Chemist: 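Structure provided below as structure tokens; questions to follow.
Just so it is clear, the model here is predicted, and its values are computed rather than measured.
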Amino acid sequence: MRYWLMKTEPSVVGIDHVLAMKNQTVDWWGVRNYQARNFMRDQMQVGDKVFFYHSSCPEPGIIGLAEVVKKAYPDRTQFDPSSPYSDPKATAENPRWVNVDVRVVKKTRLIGLDELRAHPELANMRVLQRGNRLSITPVDPAEWKFITEKLL
DNA sequence: GCCAACGTTGGC
DNA sequence: GCCAACGTTGGC
């Protein structure tokens, strides 16, 4: 089992939106970065644990715990010509983009970037690195343990 | 809105 | 395969 951090913009799909969905589960559509896609396609398994992270918003940070509940399958938005995520090079036979399904386990207090940065134990987290833009990043088991046991 | 960082595109 | 131009991300 692996641990991940997945970013989402709360103005598009925030944790409260997902909590209001059926089974508190969302298909993680819209990833258009190959490295992030490959994490979903090649490494994510049902049961993997996820930090739910709000980005591009007034208070960026971890806001919940979630888990992977369905393995990667083609992202529906790539086939939708009206979607900004449409990809004309993607076909049903050769989909280019995939997503997993993610279920929110619980909403937590907000652990903001400043707070995360304040702990030396978390200094190597990808999301804290300068210039980091990757929307899905692996989380070290020790980092998961520290955050869930010491900060929450 | 700014801008640093970095990914993608496309001409050569 | 190089790399300049361009586009996007995301904190501030």
Side-chain angles (χ1 to χ4, degrees), chain A residues 2-21 25-44 48-68 71-140 142-144 146-148 150-152:
Chain A
R2 298 177 193 265
Y3 301 95
W4 306 94
L5 182 144
M6 299 176 79
K7 295 181 189 172
T8 182
E9 299 187 21
S11 62
V12 184
V13 181
I15 195 161
D16 292 329
H17 295 109
V18 181
L19 285 171
M21 290 179 189
T25 298
V26 65
D27 53 323
W28 207 267
W29 53 269
V31 170
R32 293 296 180 270
N33 168 281
Y34 290 107
Q35 206 177 341
R37 179 204 66 181
N38 293 347
F39 283 142
M40 286 199 284
R41 187 190 63 188
D42 303 334
Q43 296 192 34
M44 281 194 179
D48 282 8
K49 307 290 190 189
V50 175
F51 285 130
F52 196 104
Y53 180 96
H54 279 174
S55 69
S56 291
C57 60
E59 295 185 301
I62 292 170
I63 190 67
L65 304 181
E67 64 183 3
V68 176
K71 287 188 64 172
Y73 59 95
D75 177 335
R76 60 188 162 83
T77 61
Q78 70 194 304
F79 307 122
D80 177 359
S82 70
S83 167
Y85 292 93
S86 150
D87 185 341
K89 292 179 184 162
T91 63
E93 295 74 26
N94 279 302
R96 181 180 291 198
W97 306 108
V98 299
N99 60 249
V100 297
D101 283 356
V102 172
R103 184 177 73 89
V104 172
V105 175
K106 67 184 289 193
K107 184 176 180 179
T108 64
R109 72 181 184 88
L110 178 87
I111 309 176
L113 276 180
D114 291 351
E115 182 174 355
L116 292 170
R117 288 205 171 96
H119 297 285
E121 293 89 343
L122 305 177
N124 292 326
M125 280 190 83
R126 281 289 285 279
V127 76
L128 302 182
Q129 304 309 307
R130 177 186 173 85
N132 165 71
R133 296 182 352 190
L134 201 54
S135 65
I136 298 176
T137 51
V139 170
D140 189 273
E143 293 164 348
W144 179 275
F146 181 82
I147 291 170
T148 54
K150 300 282 203 281
L151 301 188
L152 291 178

Chemist: Give me the first and last nucleotide of DNA chain C, going 5' to 3', that has any atom under 4.0 Å from a heavy atom of chain A.
Modeler: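 Contacts span dG7(C) to dC12(C), reading 5' to 3'.
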Chemist: Looking at Gln129(A) and Arg126(A), would you say the former's side chain and the latter's main chain have a donor-acceptor pair under 3.5 Å?
Modeler: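 Not a single qualifying donor-acceptor pair exists.
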Chemist: List the atom of Ala72(A), the atom of Val98(A), and the distance in Å for their closest heavy-atom pair.
Modeler: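 Heavy atoms of Ala72(A) and Val98(A) come nearest at CB-CG2, 3.9 Å.
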Chemist: So Tyr85(A) and Trp29(A), would you call those rings parallel, tilted or perpendicular, with 30° and 60° as cut-offs?
Modeler: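 Rings of Tyr85(A) and Trp29(A): perpendicular, over 60°.
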Chemist: Of all of residues 56-65 of chain A, which get a heavy atom below 4.0 angstrom from DNA chain C, listed by number?
Modeler: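 Close to the strand are Ser56(A), Pro60(A).
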Chemist: List in numerical order all residues of residues 109-127 of chain A for which some heavy atom is under 4.0 Å away from an atom belonging to DNA chain C.
Modeler: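 Close to the strand are Leu113(A), Arg117(A).
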Chemist: Could you pull out all residues at least two apart from Asn38(A) that satisfy side-chain hydrogen bond (donor to acceptor under 3.5 Å, both in side chains)?
Modeler: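 Per chain and number, Asn38(A) pairs via side-chain hydrogen bond (donor to acceptor under 3.5 Å, both in side chains) with Arg41(A).
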Chemist: Less than 4.5 Å apart, any side-chain heavy atom of His119(A) and any of Leu151(A)?
Modeler: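 Yes. Closest side-chain heavy atoms under 4.5 Å.
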Chemist: Could you tell me whether the side chains of Tyr73(A) and Asp101(A) share a donor-acceptor contact shorter than 3.5 Å?
Modeler: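 Yes - a donor-acceptor pair under 3.5 Å links their side chains.
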Chemist: Going by salt bridge (charged side-chain N to carboxylate O under 4.0 Å, His left out), name the residues that satisfy it together with Lys71(A), two or more places apart in sequence or in a different chain.
Modeler: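 Expected list: none.
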Chemist: Can you list the residues that meet the side-chain hydrogen bond (donor to acceptor under 3.5 Å, both in side chains) rule with Ser82(A), with sequence neighbours excluded?
Modeler: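 Partners of Ser82(A) under the side-chain hydrogen bond (donor to acceptor under 3.5 Å, both in side chains) test: Asp80(A).
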Chemist: Establish, from distance only, whether the side-chain atoms of Asp48(A) and Trp4(A) form a donor-acceptor pair under 3.5 Å.
Modeler: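 There is such a pair (donor and acceptor under 3.5 Å, judged by atom type) between the side chains of Asp48(A) and Trp4(A).
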Chemist: Is any side-chain heavy atom of Arg96(A) less than 4.5 Å from a side-chain heavy atom of Lys89(A)?
Modeler: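 When only atoms from C-beta onward are counted, Lys89(A) and Arg96(A) do touch, with a gap below 4.5 Å.
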